[in-house]
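Keep in mind that the numbers below use all heavy atoms, side chains included, and drop hydrogens, waters and symmetry copies.
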Amino acid sequence: MLASGSGNVSLRTVSSNRPQVLRTESPQSIAASDDYYSFSDRTSSSRSPSNGSHATVVRYATPRSHPVSQASSPAVSRTYLASPMVGSTSRLEQPVKMPSESRNAPSPATNTVRSVQDREAYRSPMSDNTNRRTPSDSYAGPPPTPGMDDVPYIRFAISQLTRDEEARSLRRASSVASEDHPVDRLVWDEGLGYFIRSPESSHTSPAQQPLLQHPSPRPVERSPQESVEPESFVAVEPPKDSLLYPRLDFVPGVLRPWALIAAIFCPLLMIAGIVFCIVWSQRHDGIWNYDGQGGRRYFVVQFLPQILAVIITIWTFVIQAAVYRTMPFAIMASERNLGHVLQRLPILSRNFLIPDSSQFRHGEPLIGLSLVSIWLSNLIVLPLLSCFFQAKWFLIDGQGTWRWAAVQDVGWALVALYGLLTVGLLLLMFRFVRTWSGLMWDPVSLADLVSIVQRSNVLRDFEQSEILPDVGESLSPRVLRLGYWQLSNREATFYGIGEIAAPLGNPSLHLSENSHEKQPLSRVSYDVERQVGEGKYGFDEHTYSPSVRYRWIPWFLRGTFIVAWTVTIGALFIAFVLVSFIHDAVKGGFPPRLPTLPSTKSFSSSNFLYSFVPALIGNILFLAWQPIDVYFRALQPFASLSSPEGTSAEKSLLLSYPSCFPFHVTALAILNKHYKVAWISFVSVASAAIPILAGGVFIALSYPSQKEIRIAALMPAFYAMVAFCALYTVSFLCIWPRRCRYLPHDISTLADQISFLYQSPLLSDKILREPRSKADLVTRLVMAPPGDRDLPMYGFGVYVGRDGKEHLGIDRFHRPGRANMLITTGSMI
């Protein structure tokens, strides 16, 4: 037993190595047991002995390898415990009453001792609850041995208990904790008055979890009092008419009421023209006389309707692109209870050959109906317009003549489809009239995304998500908000994506320039040596793995599919040319195989078949090229960033190809020397000539010399169609994606792209801090940082993140004091 003396001891926490829980009475001294470094209320020292309660005592065996020697100098022992210490990890039992035989122990029965329970083996970073305890500052009992000071002996005993642990704490994570007894790190926050657990300790070791596997997501609800950080996000409304806080009601130009009204006016004009042709044809025995192939009237009735339809179709592509990139932000700004907007709602257009129902699943029926109506009209309207006019024999004033007439059944079907398109555009206009989108400007580039998420409190959820094949599966569903925020105990207002009443998550992103001179927001820390030496799920290894870095490309751009597309399209083109030109099969005409005589409603089976089917096939080819164009536009910033020496912001972070108009993106890509994007975007528009020409090139004509009716072709138009088909076929040889366009995972959602930015120092760059306009953001990116003469270069590779660890993503290629980014792509193509 240790000698006792007078004096008060302030003990906060002590780490123990592989503790043993003892329930039986023991003659060993409990003076150096966990009774002395358990947590108790600060008020316990002032309580009366008469009001004492049963003590909760857990005795740990004192190591025998270090005997207590009074000759040892207490100067070498620990006089107090530093803030970051590794706490005991064994789960404490229920309160145990002190045995009567231990009354001579120095700890009085009136002193209340509390235990710290270990957290669960694994929890999501956003759902950790911290057990907060108040340490005891003083010892409340009388000195066990009057006239003798026992403080040095107690300190010496504690130093003997913790000496091994101090030596082991200098090692890497593999030696800090075993698989059987994981260590939860307790960190003392003097400013807050309680102990907190380091968030890094809440994860299981790699041996306890399979590689790249995460628990199934569950909704998370928390309160600020249960958070690790003392501050939380509070949604606020900014002052009105303030230049520092612009209104968050920005809507892209093509979605504004005046633009949508202009778009609605186009199908209404088509409806009016179709109805006029139907009525005029009925009342006047056709529209006008047939003047043979190749004339002006032939062009008006056989090609002009398809050209007008293609213009409307391409305009709807632009509208769709704006809808897809805006809706995730608009949903977050509306603060609706939707938990998967960040990781499941696409931001890239996909409503081409197959309709997209993602908007229905995220509570946007108006947008969903609008997209369905656009998809249906883009697929069917053009082929129907190609067979809307047919040549019919009419008797006028006793004299027969061929006249162009409108097919009534086809015309009314077109009216219904264009009416549906009009309704869809009206729904869009109602959705975006005076909407609160949560946006300051159009989010068309990676730089815009940086400005939106740079102070978000959900970034820590993305830990190591850049190497996962599916980022969405690793994120828990949560209700997010886009708007202005304040921290719970500060008045500074900032803008971005966040979760209401959730903790900071990234305190370093909220530090001011003089923050190091003030009290830090949170003293939650991590063991740098431990985290750098060991990556969760084998992170360090997979960061450099080529099988992870070059794992993903859209399925239709994978090597096998590109070969299949090229071979199939090439074979069809060769067969088409051979069948068309051998023995002048097309030039000399061919039998229709179907009735040709028009009905009373001007419908001809053979004319309908040889106009509708070729136009439908050509339209499918036209629509099938659009996803290729969309992904090459979206992947170009990453391809530029994969240059071995980095690239400028104008050619990477500020690229906005997905939002550019047709031909505009082609011109910009040529200026930026992105020739592959320029060619593919040009083909996406030029391929529309295939359904236009295919729908009007064939017509049933009477051949008096053979005394039969044949399907004849307008040969100039047919030659042009063959040329565009050849261009389309050859273009498949250009879509093979090189190495720089392969990524670890998809980029079609906000979460996918945020995973490459969540630890980037770009988020905390002073030069990018809270821009208030797009012009402000562009100006900051294209100018040299303070103190630098050269313009900054940016890259996509392995960089040192804000947490001091290596990550895969986007950052400046060179930062003073750090190694250059490691880019393994090779030369940019």
Using distance only, find each side-chain donor-acceptor pair of residues 655-662 under 3.5 Å and give its atom names and separation, not counting sequence neighbours.
unit_1: Tyr657; atom_1: OH; unit_2: Asn672; atom_2: ND2; d: 3.0
unit_1: Tyr657; atom_1: OH; unit_2: His674; atom_2: ND1; d: 2.9
unit_1: Ser659; atom_1: OG; unit_2: Ser656; atom_2: O; d: 2.9

Please table the atom pairs, donor to acceptor, closer than 3.5 Å between any side-chain atom in residues 255-263 and protein atoms at least two apart or in another chain.
unit_1: Arg256; atom_1: NE; unit_2: Val251; atom_2: O; d: 2.9
unit_1: Arg256; atom_1: NH2; unit_2: Val251; atom_2: O; d: 3.3

When the side chains of residues 425-433 are checked against the rest of the protein, which donor-acceptor pairs come out under 3.5 Å, sequence neighbours left out?
unit_1: Arg431; atom_1: NE; unit_2: Glu364; atom_2: OE1; d: 3.0
unit_1: Arg431; atom_1: NH1; unit_2: Thr435; atom_2: OG1; d: 3.2
unit_1: Arg431; atom_1: NH2; unit_2: Glu364; atom_2: OE2; d: 3.2

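Every residue two or more places apart in sequence or in another chain that forms a side-chain hydrogen bond (donor to acceptor under 3.5 Å, both in side chains) with Arg247 is listed here: Asp249. A search for ring pair (Phe, Tyr, Trp, His ring centres under 6.0 Å) contacts involving Phe329 returns nothing, not counting sequence neighbours. Checked against side-chain hydrogen bond (donor to acceptor under 3.5 Å, both in side chains), Ser370 has no partners two or more places apart in sequence or in another chain. Contacts of Phe632 classified as ring pair (Phe, Tyr, Trp, His ring centres under 6.0 Å), with partners at least two apart in sequence or in another chain: none. Arg361 pairs by the side-chain hydrogen bond (donor to acceptor under 3.5 Å, both in side chains) definition with Ser357, not counting sequence neighbours. The ring pair (Phe, Tyr, Trp, His ring centres under 6.0 Å) search around Phe352 returns Phe317, not counting sequence neighbours. For Gln306, there are no side-chain hydrogen bond (donor to acceptor under 3.5 Å, both in side chains) partners two or more places apart in sequence or in a different chain. For the ring pair (Phe, Tyr, Trp, His ring centres under 6.0 Å) test, no residue two or more places apart in sequence or in another chain qualifies with His362.
Heavy-atom minimum distance, Ile747 versus Asp752: CA-CB, 3.6 Å.
For Phe360, the CZ atom sits in a packed shell: over 12 heavy atoms of surrounding residues, nucleotides or ligands are nearer than 6.0 Å.
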Exercise. Should Arg336 and Ser334 be marked as a side chain to side chain donor-acceptor pair (under 3.5 Å) after you check the CA-CA gap, both sets of side-chain angles, and the distance that decides it?
Worked result: CA-CA 6 Å; Arg336 281 178 290 167; Ser334 63; 3.0 Å; yes
Exercise. Leu557 and Arg741: side chain to side chain contact (heavy atoms under 4.5 Å, CB included), yes or no, with the steps?
Worked result: CA-CA 10 Å; Leu557 293 181; Arg741 285 185 168 83; over 6 Å; no
Problem set entry | Check against side chain to side chain contact (heavy atoms under 4.5 Å, CB included), Ile312 and Leu421 | CA-CA 10 Å; Ile312 296 176; Leu421 176 61; 4.0 Å; yes
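By the 30° and 60° cut-offs, the orientation of the rings of Tyr799 relative to His807 is tilted.
One finds no salt bridge joining Asp765 and Arg780 here, because no Lys/Arg side-chain nitrogen approaches an Asp/Glu carboxylate oxygen to under 4.0 Å.
Side-chain N/O atoms of Glu466 and Ser755 include no donor and acceptor closer than 3.5 Å. Remark: the Ser640 side chain and the Gln636 side chain contain an N/O donor-acceptor pair separated by less than 3.5 Å.
Asp803 has its side chain within reach of Glu463: a pair of non-hydrogen atoms, C-beta onward, lies under 4.5 Å apart. Asp746 has its side chain out of reach of Val471: every pair of non-hydrogen atoms, C-beta onward, lies at least 4.5 Å apart.
A side-chain hydrogen bond (donor to acceptor under 3.5 Å, both in side chains) check over residues 436-446, counting only residues at least two apart or in different chains, returns the pairs Arg325-Asp442, Trp441-Asp448, Ser445-Asp448.
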